[in-house]
Amino acid sequence: MSALLEVRDLEVEFDTYGGTVHAVRGVSFDVRAGKTLAIVGESGCGKSVTVQSIMGLIPIPPGRIVAGTAELRGVDILGRPEVDGRDVRGDAIGMIFQDPMTSLNPTMTIGDQIAETLQTHRGQDRPQARARAVELLEMTRIPEAEQRAGQYPFEFSGGMLQRAMIAMAIACEPAILVADEPSTALDVTIQAQILDLLGDLQAKTSMAIILITHDLGVVARLADEVAVMYAGRIVEHGTADAVFHQSGHPYTQGLKAAMPTRNSRRDDPLQPIDGSPPDLFAPPPGCAYRPRCPNAMRICERRDPPAFPLEPSDASRPSSAIDVVANTNQEDAASGSQAPTPRTPPEETDIHPAKDATAAPPHRDHFSRCWLHQSEARAHFAAAAAGDGDPP
Amino acid sequence: MTVLLETENLTKHFDLGHGRQVHAVDGLSLAIEEREIVGLVGESGSGKSTFGKTVLGLHERTAGRVSFQGEDLPASYRQQDFRRYAPHMQMIFQDPYSSLNPRMTVGEIVGEGLKLHSDLSGREVRERSAEWLQRVGLEPAHMSRYPHEFSGGQRQRIGVARALILEPEFVVCDEPISALDVSVQAQVINLLDDLKASLGLTLLFIAHDLSMVRYVSDRMAVMYLGALVEVGKANDVFFDPQHPYTRFLVAANPEPDPRTERRRAFSAIQGEIPSPINVPPGCRFANRCPQAMPQCREQTPQLIPLQEKGGREVACHLFG
Ligand SMILES: Nc1ncnc2c1ncn2[C@@H]1O[C@H](COP(=O)(O)OP(=O)(O)OP(=O)(O)O)[C@@H](O)[C@H]1O
Ligand SMILES: Nc1ncnc2c1ncn2[C@@H]1O[C@H](COP(=O)(O)OP(=O)(O)OP(=O)(O)O)[C@@H](O)[C@H]1O
Ligand code: SF4
Ligand code: SF4
Ligand SMILES: [Mg+2]
Ligand SMILES: [Mg+2]
């Protein structure tokens, strides 16, 4: 199955008085029909900017899309509000924001707002659009939808507003729904209603969902795939099970250790991640997580790790997009990573870190952007090469 | 075990005029023992913050009784009552962004309580403030900075230092972590846990995140529309909820584990919490309860202890 949306090498910056903020520094991912991709990570790591640039919502200036593509069914939409005369936003991609009030008009009834979307994007006439608006409110389980459609946003509770937003976002049956912190402002009961609803809608319409959150519980409930972001990069990516249960990257492991689980007891204290994320004005050379990483080695200081594959789903197909750095320097030896020096694949070169950062791993491959996994990557290449005599 | 703080039928109604009243807290009775951490959970608008504030005298109570160390607290606080009780009872607020005065330095914020409620000299106050900043993991050098120069987690620590510098016996923590990132939440929780151990604190810990409440608390109290529906040992309530509302609440709490989530036969609670202005007669949960019976709409269930559940208290006609 090919991807609906392929994002490659996205780089976004903001010019501010303090200097240039490198908010997104080479992000690549795929979004597939009927699947949910969750993007998680600490506040300020670039989750919202990533999806907002795809949606054309970045204010330019001060924002700037420095590089990258975002192909929606093969057509690059990055930085293009319209494609073939059609508005991408609201049409092919719907969006739910964290704060419903920022995207609802307080002076217009909920029903009229939804109807307006349908009139603009779908060319429906007013009665048609109004009737559909009520249906959509019913679909999102707003009680007495007919009556509620005639009310203004301030007459809705927080949970109902969030559902009204969802109704508006799915009005045009978008292929992709982007949900940026759809439930952070809500309590667990209403959050559960919203997550339930998103899951149901997805099952019915096969829409793809990009879910942004820093709540790992929400991710566990909804996500098929997870991308963990840190300081403007995806540092780990894989299926939800892989990322939760075979976490590779020290940052992902750090996030998990910081949360209580069903089994944790008071006598085992939570393990916070000390320190704070790096300043995105001048991201440090080397691995951005190094100042907080308990596993940091000398190489981490100098060179940014590329994406290393971890137990890929299809071992016979080495991920060609992931380049393995060839020269093992002393740092690695010192760190104790005992790479079983395999037959070096032909393409294996020491490529520039900035380019590594943009490697697009194939769908479902579990990867980690951490030097600790260099040896796993080598072993994988060796196995692939030895296995079918078909060196990558 | 001795009871440190006890409420009896504590009630707080807000008057909206035109004879309309918000029944924010309606006859809530809860006893908190010394050195105990009681977690208070429940849907948004159920009255958790109002309960906490009314206990501390920040809202004048409508009815009921609050006692602290066996002594009845006044129904409405005058200035001298705050002076008297502030050193013993404090609150840590939810929002680390809006609860710190942006025009005061961190030193002034942390030292304010001592300045008001002790006769220490200015120098002594500064020394104690510096000491407390260190205690919560900040630098004494931060004293002259302003709140906006700090991250969310650091601001929450400033709030903790401000509340604890008077070394109170009892602290209401109103959602102390919900505005924070996962990685910072753990810092604040561990800090509270350490301070609890070193100061012998008693805490009322208000939060949405049930996993965290279970982890932190000795007992858990579940609130719905101004009243308690279930109270018991935190682990018991979390792993074996009895009241129909608590069962929904626990089922709604997402676990950071995709396997658990897939196994969970999950269905969200339907409908909306009724308005606290028109509190329905009978059980307040009846309009959303899948097990509601005719009597539920007439008689208000009271909290009753379940012998077979180790004294767990549940307010529901299904029991007893
Ligand atoms: N309009 C802007 N001008 C300047 N900097 C910006 C702007 N928008 C975002 N940034 C910066 O880009 C970085 C990434 O921000 P982003 O909003 O994507 O974070 P996030 O991961 O969504 O965080 P959160 O979880 O807090 O929503 C941050 O450092 C932020 O300060
Ligand atoms: N000062 C006030 N005047 C009028 N009504 C109020 C006031 N403070 C709170 N209320 C109402 O009292 C009820 C309980 O509110 P409270 O803030 O105690 O709930 P909560 O359980 O803390 O909710 P949350 O989880 O959202 O913080 C709500 O209906 C609220 O609107
Ligand atoms: S590359 Fe080094 S510093 Fe970065 S996460 Fe891996 S071990 Fe830690
Ligand atoms: S008293 Fe009745 S309505 Fe209320 S929770 Fe129990 S069964 Fe449900
Ligand atoms: Mg964001
Ligand atoms: Mg509150």
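In what follows, every chain begins at residue 1, and chains take the letters A, B, ... in the order their sequences are listed.
Note: G217(A) leads G199(A), G217(A), S43(A) in heavy-atom pairs under 4.5 Å with chain B. Residue with the most contacts toward chain A among I189(B), V216(B), I269(B), N190(B): N190(B) (heavy-atom pairs, distance under 4.5 Å). Ranked by non-hydrogen atom pairs under 4.5 Å with chain A, the options V188(B), V41(B), D193(B) are led by D193(B). If you tally non-hydrogen atom pairs under 4.5 Å between each of Q271(A), H245(A), M259(A), K256(A) and chain B, the highest count goes to H245(A). With chain A as the partner, the residue from H208(B), E255(B), Q187(B) showing the most heavy-atom pairs under 4.5 Å is E255(B). Here D241(A) is the residue among T261(A), D241(A), I273(A) with the most heavy-atom pairs under 4.5 Å with chain B. Ranked by non-hydrogen atom pairs under 4.5 Å with chain B, the options V188(A), T189(A), L216(A) are led by T189(A). The residue among S44(B), G45(B), P256(B) with the most heavy atom pairs within less than 4.5 Å of chain A is P256(B).
More than 12 heavy atoms of other residues, nucleotides or ligands sit less than 6.0 Å from atom CD of Q291(B). When the shell of 6.0 Å around NZ of K233(B) is examined, it contains 12 or fewer heavy atoms from other residues, nucleotides or ligands. Shown here is E146(A), whose CD atom has no more than 12 heavy atoms of other residues, nucleotides or ligands within 6.0 Å.
When only modelled atom types and interatomic distance are considered, Q154(B) and R157(B) share no side-chain donor-acceptor pair under 3.5 Å.
Between F205(B) and V213(B), some side-chain heavy-atom pair lies under the 4.5 Å cut-off. Taking the side chain as every heavy atom from C-beta outward, I110(A) and M160(A) never approach each other to under 4.5 Å. Contact of the F156(A) side chain with the Q151(A) side chain is registered, since non-hydrogen atoms from C-beta on lie closer than 4.5 Å.
Residue S46(B): no heavy atom, backbone or side chain, is found under 4.5 Å from chain A. Contact annotation for L191(B): neither backbone nor side-chain heavy atoms come within less than 4.5 Å of a heavy atom of chain A.
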